[in-house]
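The figures here come from the full heavy-atom set of this structure, side chains too, leaving out hydrogens, waters and symmetry mates. Because the structure is a prediction, the values reported are computed rather than measured.
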Amino acid sequence: MSSMILISPGGKRTKVEFSVGGEFFHCIGQHVTTQAFTYIMPWMAINEKNLPQLTKGEKIGVSKVELYEVQVGRKLVPTTLGITLIRGYQCIDPDLCLPEIRSFIEHQITLVAKGQANHSRVVQHVLQQFKQKFSYFIQQIENMDALFEALFSPLSDSGRALSKCGKCLRYMKYISTQPQRLFCGTCEEVYYLPQKGTIKLYKELTCPLDNFELLIFSMPGPEGKSFPLCPYCYNSPPFEGIDTLFGSTKIGSTGKLGKGAGMPCFLCPYPACRHSLVAQGVCACPECSGTLVLDPVSAPEWRLYCNKCNCLVLLPEGAHRIATTRERCAECDFTIIEVDFNEKTTPLEDGATLHTGCILCDELLHSLVEVKHGKSFNRGFGARRRGTSRGGYRGRGCAAGKRVDPKMSFRDF
């Protein structure tokens, strides 16, 4: 075979170079001009895609992408694809849809024309900004993919209406396939939810921060936690300093599931909400730095769960109602809870059913409490951990130093 190749004429390739507007381009491809030894050895012929046989001035057809439609009166109406594309840009970097960038560049060009700005510095700055914007866009491209999937995938048609959106007050569709998420067809936004559990509407209650209807997430198993959450707060935490514990699941660039920032109600520090950590938190966790929170739907097997670890505290079983109060224990600073016992099984004298106290300092409640997956309470515990179960959060705009804009806006040039 090698002798056949040696006595055969050599092959040739064609490299195309051309210039447009002073810019030079080249195209590297395989275009057979002489078959050479491949005439007798066709299995060694070039299998790459050949350059198209085009002559000068010939046009190449491109598939039409309709982002808008022209209606009567020369009115431009965006198509579903066009609206989704703009919504995707707005979710990732709103500057790409606003006229500020063009206005900034035109202003810089005016300064260059007047001799008040250096041409090279302006060009270098603009190119650097767009490069960083492009890098940020690529890192957040899963948001665009999720929006297109929810809108154009058959999953959006199979989802069932579950809860109302706080922006448009229309029902959002719950897509139960992994990853679980809500999709608002009116606002064209996707809200990720906790995974590997059941999602239900929570008594049609709404979040006081954004008016979204609350959901209740329940983990499987007899010892699984249940906690309420706001879809909007879970995907866009309104407070800084929220730890990523039960993060919302998002699709990463690798196609695998990864954790994103999430804020369920048991991490919310908003004092005016009755579902927040401030209202439902009872005491510090005996195993970690978390807070034991009252499980709102655990009746009749009432319990507290830690918002960080797997510690569970079983409260008096069979009580009609257990709720937190605004009062604090004078000895350990724990939250006072109110227990309404069943009249048939009440441990109180004279058949009384209502009792308030601290689960650590009140002898009756302390005797009825059982700790699972955690250490037992002791009298010195509350004094050591006083003040660690609440606070430590700050709202937007309260950061200690200036933050760098990850979207690299054109401001502050």
- Task: Could you tell me which non-hydrogen atom of V371 sits nearest to which non-hydrogen atom of C311, and how far apart they are?
- Result: CG1-SG, 4.2 Å

- For R87, all residues meeting side chain to side chain donor-acceptor pair (under 3.5 Å), sequence neighbours excluded: Q90, E189

- Message: Treating R328 as the side-chain partner and D333 as the backbone partner, does any N or O pair qualify as donor plus acceptor under 3.5 Å?
- Response: yes

- Heavy atoms only: give me the nearest L354-L348 pair and the separation to one decimal. O-CD1, 3.6 Å

- Query: Are Y174 and F183 close enough that their ring centres sit under 6.0 Å apart?
  - Reply: no

- Query: CD of E363 to CG of L365: how many Å apart, nearest 0.5 Å?
  - Reply: 10.5 Å

- CD (E317) and OG (S298) are apart, to the nearest 0.5 Å, by 10.5 Å

- Here the gap from Q116 atom CD to L111 atom CG, rounded to the nearest 0.5 Å, amounts to 5.5 Å

- d(M144 CE, I138 CD1) to nearest 0.5 Å is 10.0 Å

- Query: When the ring planes of F266 and Y305 are compared, do they come out parallel, tilted or perpendicular, using 30° and 60° as the limits?
  - Reply: perpendicular

- Task: Show the numbers, then the answer: is there a side-chain contact (heavy atoms from CB on, under 4.5 Å) between H320 and T353?
- Result: CA-CA 9 Å; H320 285 305; T353 58; over 6 Å; no

- Message: Please check: side-chain N/O of H366 versus main-chain N/O of C361, any donor-acceptor pairing under 3.5 Å?
- Response: no

- Task: Inspect the contact between K133 and D93 and indicate whether a charged nitrogen and a carboxylate oxygen are less than 4.0 angstrom apart.
- Result: yes

- Task: Work out which heavy atom in P228 is nearest to a heavy atom in I216; give both atom names and the distance.
- Result: N-CD1, 3.5 Å

- Message: Any side-chain to backbone donor/acceptor pair from E213 onto K164? Under 3.5 Å, distance only.
- Response: yes

- What residues form a salt bridge (charged side-chain N to carboxylate O under 4.0 Å, His left out) with E106, not counting sequence neighbours? R102

- Got L162 and L182 here, is their nearest side-chain heavy-atom distance under 4.5 Å? yes

- Query: Between CG of L292 and SG of C309, what distance do you get to the nearest 0.5 Å?
  - Reply: 7.5 Å

- Message: Is any side-chain heavy atom of S276 closer than 4.5 Å to one of P271?
- Response: no

- Please say whether more than 12 non-hydrogen atoms of neighbouring residues, nucleotides or ligands are located less than 6.0 Å from CD in E204. no

- Message: Is the shortest side-chain heavy-atom distance between V369 and L304 below 4.5 Å?
- Response: no

- Are there more than 12 heavy atoms of other residues, nucleotides or ligands under 6.0 Å from atom NZ of K200? no

- Query: Is there side-chain contact between L294 and L315, with at least one heavy-atom pair below 4.5 Å?
  - Reply: yes

- Go through the steps to decide whether L229 and L214 satisfy the test side-chain contact (heavy atoms from CB on, under 4.5 Å), and finish with yes or no. CA-CA 6 Å; L229 64 102; L214 299 182; over 6 Å; no

- Task: Could you check if a side-chain atom of F341 sits within less than 4.5 angstrom of a side-chain atom of I322, using non-hydrogen atoms only?
- Result: no

- Start with the C-alpha gap between L314 and E301, add the side-chain angles, then the distance that decides, and say whether side-chain contact (heavy atoms from CB on, under 4.5 Å) holds. CA-CA 8 Å; L314 304 183; E301 300 177 354; over 6 Å; no

- Message: Surrounding CD of Q128 (heavy atoms of other residues, nucleotides or ligands, distance under 6.0 Å), is the total greater than 12?
- Response: yes

- Query: Which of parallel (below 30°), tilted (30 to 60°) and perpendicular (above 60°) describes F217 and F227?
  - Reply: tilted

- Message: Looking at Q280 and D295, would you say the former's side chain and the latter's main chain have a donor-acceptor pair under 3.5 Å?
- Response: no

- Please report the closest heavy-atom contact between M263 and P238, naming both atoms and the distance. CE-CD, 3.5 Å

- Task: Side-chain contact test, heavy atoms from C-beta onward, threshold under 4.5 Å: evaluate it for I336 versus R326 and give yes or no.
- Result: no

- Task: Using modelled atom types only, decide if a donor and an acceptor are shared between the side chain of S218 and the backbone of S226 within a distance under 3.5 Å.
- Result: no

- Please work out which of the three classes, parallel, tilted or perpendicular, describes the rings of F137 and Y89, given edges at 30° and 60°. tilted

- Query: Rounded to the nearest 0.5 Å, what separation is found between the NE2 atom of H107 and the OG atom of S103?
  - Reply: 8.5 Å

- Item | Test item: T325 and I337 side chains (from C-beta on) under 4.5 Å apart, heavy atoms | no

- Query: When you measure from the side chain of N235 to the backbone N and O of Y192, does any donor-acceptor pair fall under 3.5 Å?
  - Reply: yes

- CA sep, side-chain torsions, deciding dist, call: C283, T291, side-chain contact (heavy atoms from CB on, under 4.5 Å): CA-CA 6 Å; C283 60; T291 303; over 6 Å; no

- Message: So, using salt bridge (charged side-chain N to carboxylate O under 4.0 Å, His left out) as the criterion, who are the partners of R321 when residues are at least two apart?
- Response: E338

- Message: Treating N211 as the side-chain partner and C207 as the backbone partner, does any N or O pair qualify as donor plus acceptor under 3.5 Å?
- Response: no

- Item | Residue pair W302 / P316: nearest heavy atoms and the distance that separates them | CD1-O, 4.0 Å

- Is there a side-chain contact between E69 and T79, using heavy atoms and a 4.5 Å cut-off? yes

- Quick one: does K167's side chain have a donor or acceptor within less than 3.5 Å of a partner on F212's backbone? no

- Note on the structure: Minimal heavy-atom distance between A319 and V339, with the atoms involved, is CB-CG1, 4.0 Å

- Could you tell me whether the side chain of T324 and the main chain of A279 form a donor-acceptor pair under 3.5 Å? yes

- Under 3.5 Å, is there a donor-acceptor pair between the H355 and D362 side chains? yes

